[in-house]
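Heads up: the structure comes next, in C-alpha cells.
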Protein chains: 2
Amino acid sequence: MRERILAEARRQFATLGFGAASLRGVARAVGISGPSVLYHFPSKEALRDAVLGDVLDHWQQHLPAALAAARGKEGRFDATVNALVSFFLADPPRAQLVVRELLDRPDEMRALLTARLAPWLSVVTDTIREGQARGSVRPELDPEAFVVQIVTMAVGTVAVGGTAASMFSMGEAPNERLAAELVRIARTSLFTG
Amino acid sequence: MRERILAEARRQFATLGFGAASLRGVARAVGISGPSVLYHFPSKEALRDAVLGDVLDHWQQHLPAALAAARGKEGRFDATVNALVSFFLADPPRAQLVVRELLDRPDEMRALLTARLAPWLSVVTDTIREGQARGSVRPELDPEAFVVQIVTMAVGTVAVGGTAASMFSMGEAPNERLAAELVRIARTSLFTG
DNA sequence: CCTACCGATCGGTAGG
DNA sequence: CCTACCGATCGGTAGG
C-alpha cells in the first residue's frame, strides 16, 4: 500500500502541484481513508520528501543502464542523448515533479541534487574535457554550462515542451520532432567540424 | 491598488504556486483586508487569469523592442539570443509563473500562447527558412522545433537554471555562464560552417 | 488500517 | 474599501 500511495501522490503532486493536492485526494484515489495516509507517512511534508526521494532513486537506478545501452552503438553520442530524452519522455510525471520541486524549494533541491548527481556529472564533464584535449570537442565550449543546458532542454521538453509544440501546430509526433532537434542541437554544438 | 495586487499576486503565485498561495496572503502583503481583493477581482481564478494576462502583455510590449535593439549590432544573432535571455533573467518571477502555468493547465496555456505568439513565431521560422535557402543556416535544422528548444532553454535557465548551476559549484555569475553557453549552443547549431 | 473529531485556513458572500 | 461571517476543506490527532 505504501507503494500505491507513493505512486498516486507522485501523479497528483506532478499534475496539481503540492499545494493544490490534498492527502484526502490521494487517499480516495487509492481506496483508503484520509488519515490512513498518515499511518504510512508522518506528515504531508514527509510524503512529499518520500515521493521526491523515490523519483531520484528511480533515476539513479535506471538512468545509468539506459545510457550504458547506448554506449556500444555507432553514433554513440546521439544514442546517449536520445536515451536521455526517451528516458524522461517515458514518464512525464517524474520530470514534471522535479521541475515543480525546483520552483517550490530551490534551496533544498540544490542540496539534494548536488548529493545525488555530483559524481555522475563530473564523469560527463571530464569526458567532455578529454574530447577538448583530443580536439574532437569544440574548445570554446563550457563543459558544466553545456551539461546543464542539455539537461534543461531534455527535462523542459518533457515538462512543458509538448504544450509549446502543439502551439505551433507541429503536426504529428511533436515530442519526437523536439527530441530529434534536441539531439541535433546537442551534437552540432558539441563536436568540432 | 489594482496594480499592486497584480504585482504581489504574480510574486506569490511564482514563488509559492497558485494552489499554495492565498488571497489573504496577497491582501496582507499589500496592506488591505482579505475580501477586499475580491472587490478588484471577482475570484481567485480571475486574479490568476489577470496575472497571467499581465505577464503576457508585458512580454508582448517589451520583448519586441529588446530584440529590435539587437538588430543593428554586429553579431546580430548572438545579440538577439542574448537579449532574449537577458530579458527573461531581468525578471525571474514572470518566467517562473509561465512555467508553473504550463504545468498547471497545459490546455489553456496552449490556446493562450498560440493566440499571443503565433504571428511572432512565424516571422522567426520564416527568417530561418530564408537562411536555409541562402545556405547560411544548416539545412537539416527543424525550424519550429529549433525555436521551441531555444525558448525552452532560455525560460528554463531563468526558472530552474540557477539551482542547476549552483549544484555544480559553478562559481560566480552562474547565470551569465549559462546564458553565454546558451548563446554559443544556439549559434553553433544554427549556422553552417 | 478505521471513525470521529479538532483548530486553522480557505474562497467567497452580506451588508454597509 | 471595511467587518462579520458562511460552509467547505485542509493537515493532523485520539482512540481503537
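As a basis for the values below, the full set of heavy atoms in this structure was taken, side chains included, without hydrogen atoms, waters or symmetry mates. Every chain is numbered from 1 and lettered A, B, ... according to where its sequence line falls, protein lines coming before strand lines.
- Annotation: of the two residues near DNA chain D, B:Pro35 and B:Ile5, the 5′-most nearest-nucleotide partner is B:Ile5.
- A 6.0 Å sphere centred on CZ of B:Phe191 holds more than 12 heavy atoms belonging to other residues, nucleotides or ligands.
- When each of C:dG12, C:dC1, D:dT3 is scored by its nearest atom to the side-chain atoms of B:Ser33, the top-ranked nucleotide is D:dT3.
- Atom pair B:His40:NE2 and D:dC1:C1' shows a separation of 7 Å (rounding to whole Å applied).
- Contact annotation for A:Ala20: no contact, since no heavy-atom pair falls under 4.0 Å across all strands.
- Heavy atoms of A:Ser36 sit under 4.0 angstrom from at least one base atom.
- B:Leu38 has its CG atom 13 Å from the P atom of C:dC10, to the nearest Å.
- Side-chain atoms of A:Lys44 lie closest to D:dG12 of the nucleotides C:dG12, C:dG11, D:dG12.
- Between B:Ser189 and B:Ala186, the shortest heavy-atom distance links the atoms OG-O, 3.3 Å.
- Judged by distance alone, the side chains of A:Gln96 and A:Thr15 never bring a donor and an acceptor atom under 3.5 Å apart.
- Nucleotide C:dG11 holds its P atom 10 Å from the CG atom of B:Leu47, rounded to whole Å.
- Using a 4.0 Å cut-off between charged nitrogen and carboxylate oxygen, B:Arg2 and B:Asp54 do not count as a salt-bridge pair.
- Ring-plane geometry between B:Phe18 and B:Phe13 is classed as perpendicular, the angle between the planes exceeding 60 degrees on a 0 to 90 degree scale with a lower cut at 30.
- In this structure, CZ of A:Arg24 is placed 13 Å from P of C:dC2, rounded to the nearest angstrom.
- A donor-acceptor pair under 3.5 Å is absent between the side-chain atoms of B:Gln12 and the main chain of B:Ala21, judged by distance alone.
- In this structure, the CD atom of B:Gln12 is 11 Å from the P atom of C:dC10, given to the nearest Å.
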> What would the secondary structure line of DNA chain C be in dot-bracket form, counting Watson-Crick and G-U wobble pairs under 3.5 Å, with [ ] for pairs that cross earlier ones and | for pairs with another strand?
Replying inline: ||||||||||||||||

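- Whole-Å rounding puts the A:Phe41 CZ to C:dC1 P distance at 11 Å.
- With B:Ser122 contributing its side chain and B:Ala118 its backbone, the two residues share a donor-acceptor pair below 3.5 Å.
- Here D:dG15 presents its C1' atom at 15 Å from OH of A:Tyr39, a figure rounded to the nearest Å.
- Counting any heavy atom pair closer than 4.0 Å across all strands shown, B:Leu23 reaches sugar-phosphate atoms only and no base atom.
- Residue B:Arg28 contributes atom CZ, which lies 13 Å from atom C1' of C:dC10 at whole-angstrom precision.
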